[in-house]
Amino acid sequence: MKRSEFLKLASAGTAFLYSGSLLSKANQPDPELSKELFGSAFHWGVSTASHQIEGAWNVDGKGENIWDRFEMMKGKIKDHSTGQIACDFYHQFDNDLDLLKSLNFKDFRFSLSWSRLLPDGTGRINDKGVDFYNRVIDKCLRIGIEPWITLYHWDLPQLLEDKGGWTNRDIIGWFAEYTDFCVQKFGDRVRNWIVLNEPAAFTTLGYLIGMHAPGHRGINKFLASVHHAMLCQAEGGRIIRSHLPDAHIGTALSCSYVEPKKQLPRHERAAKRIDVILNRLYIEPTLGMGYPKKDLPFLEKMERFIQPGDEERLKFDFDFIGLQNYFRVISRPGIIPYIRATKVKPDKEKSELTEMGWEVWPKGIYMSIKQYAKYPIKEIIITENGAAFPDELQGESVHDTQRCNYFKDYLKSVLKAKCEGINVTGYFLWTFMDNFEWSYGYKPRFGIVYNDFETQKRTIKDSGLWFRNFLK
Ligand code: GBH
């Protein structure tokens, strides 16, 4: 029997055996894990993003964003869905935050929708948008949950995209205005700020391969968007710091540990190039190391977007770096233009894969933490980690055995890095409830809470129950 079939059968078997009982086996405490082992100051949270949960896309004065537009184009979203309603968090947040509290989480990461606050991207203010986030923040504080704001999680106002979006250097000014505005409105109550979410993803997927909004393809668009995103990353940090000297400021980077398929120089060089494009490109300029051109020569083309003084402007001394880990990448030499390397597809006979086709490999998060810990980073926080599996709602339960095991194994791996002395200070899982998974629509479910998108009924999955118990 193939391992993947075995795992499916095994999890179905477990679900069957334990259905009806409150705690399924996977939901039992793990003897090797306790929250105390992570220390009493450790942050335990969930991560979310505005466009994936809020819905209310054209309600109360919100402006159009690039995803609202992209979703209307034919064939962009796998199940032809949109984020127009999503989890309707805009109207349900009060109950949702109570639910989060009941699961014993103390930290909530969410992003602000730029076009809900400034519908045109700059200038005109939407007071109802400000009210909404005020209510979310105040609710968090009232029930003892610490809010963590992400300024940009991919939903650029469409009017700014019409002017070139991330490819237009003016975005430094637009983003500065937006950041300044948010900090002035919410900085009296919010201490934790994350400037960007995964610049690697929104530049690569949005401007190089066109799989995400705004759907562009091209090397120059990509390089321009990277440089401008890196300038905004640092500029955002500076603006927050200037208003809030005591703020806890970070940015969230996707990280994938990259390995060569074979121990051959050609393979090793290919792996190095992939490592640049997935990891190093987004952290090294921030640390004042410049762009890693030596290991990926086509980055020389970035030169045309660089202006005098940019090297300094790219730097910012973040309090923490958010690491988001989902999979490792095994690479070999290949024909992808410029990068001349390719990712090797994980073998589903040999490894467990998630619904996204991502390999479950808990050691990967440990390897990534180790890799980033070599840089002079003060504090590492896992700002996302999680998995989609084909969940089934059975009455009032979802026996997501695979997800329970996933979290336990990844947490052990995070703990290992922490025990080796690396300053990992928090873990935010992806994600609170099933939501709009970008170009995949609603099929992949990443939540520890199941959402019925017809009725907006939330059901705590076994993984949610496991966390409730673990965080007690
Ligand atoms: C996160 O992206 C997102 O922050 C979140 O919104 C999303 O719902 C969640 O994960 C689940 O997908 O190799 O060119 O694709 C994680 C997925 C992993 C996508 C790293 C981009 C690197 C660039 N990202 N990947 S590329």
Side-chain angles (χ1 to χ4, degrees), residues 46-54 67 77-78 83 86-87 89 109-111 113 148 150-155 194-213 216-217 219 222 225-226 229 251-258 271 273-283 296 322-331 334 336-339 341-346 353-359 361 364-365 368 382-389 403 406 410 428-448 451:
V46 299
S47 281
T48 64
S50 48
H51 191 76
Q52 294 180 274
I53 60 170
E54 285 178 7
W67 277 89
I77 311 298
K78 275 201 174 140
C87 308
F89 181 76
R109 174 183 171 219
F110 60 101
S111 75
S113 157
W148 295 62
T150 309
L151 283 169
Y152 185 75
H153 199 129
W154 308 354
D155 44 359
I194 291 169
V195 179
L196 299 181
N197 182 74
E198 294 195 1
F202 72 76
T203 56
T204 307
L205 303 174
Y207 290 88
L208 181 66
I209 64 176
M211 187 183 152
H212 275 193
H216 296 311
R217 288 164 186 231
I219 201 73
F222 168 67
S225 70
V226 170
T251 195
L253 306 178
S254 47
C255 60
S256 289
Y257 181 68
V258 182
R273 292 193 293 274
I274 295 260
D275 186 35
V276 167
I277 208 79
L278 292 181
N279 296 299
R280 297 175 51 198
L281 186 52
Y282 305 92
I283 179 73
L296 189 58
L323 294 190
Q324 323 211 131
N325 178 263
Y326 289 90
F327 46 79
R328 76 165 150 182
V329 168
I330 299 178
S331 65
I336 299 180
Y338 303 103
I339 298 162
T342 190
K343 298 180 192 168
V344 180
K345 268 214 161 138
L353 302 187
T354 72
E355 199 175 7
M356 303 292 280
W358 300 346
E359 181 195 24
W361 196 61
I365 198 166
S368 277
I382 304 302
T383 41
E384 284 184 27
N385 169 239
F389 292 111
R403 187 175 293 100
Y406 177 100
Y410 274 74
F428 289 71
L429 62 83
W430 186 268
T431 182
F432 182 24
M433 55 193 161
D434 301 333
N435 61 35
F436 178 68
E437 178 52 33
W438 307 112
S439 55
Y440 292 87
Y442 293 97
K443 189 153 181 283
R445 293 176 174 272
F446 278 85
I448 56 167
N451 191 36

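As the structure is a computational prediction, the values presented were derived from the model and not from experiment. In each ligand, atom 1 is the first atom listed, and ligand 1 is the first ligand listed.
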Worksheet item: In chain order, what residues pass the ring-ring contact (aromatic ring centres under 6.0 Å, His included) check against Phe110, with sequence neighbours excluded?
Response: Phe108
Worksheet item: Got a sec, which residues hit ring-ring contact (aromatic ring centres under 6.0 Å, His included) with Tyr282, two or more places apart in sequence or on another chain?
Response: none
Practice prompt. Can you label the angle between the Trp438 ring and the His153 ring as parallel, tilted or perpendicular, going by 30° and 60°?
Written response: parallel
Practice prompt. Measure the acute angle between the ring planes of His212 and Trp154, then classify it against the limits of 30° and 60° as parallel, tilted or perpendicular.
Written response: tilted
Fill in: Residues Asn197 and Thr150: side-chain donor-acceptor under 3.5 angstrom
no
Worksheet item: So which residues, sorted by chain and number, lie with a heavy atom under 4.0 Å of ligand 1?
Response: Gln52, His153, Trp154, Asn197, Glu198, Ala201, Thr204, Leu205, Ser254, Leu278, Gln324, Tyr326, Phe327, Lys343, Trp358, Glu384, Trp430, Glu437, Trp438, Phe446
Worksheet, complete the sentence: Residues passing the side chain to side chain donor-acceptor pair (under 3.5 Å) test with His216, sequence neighbours excluded, are Glu161
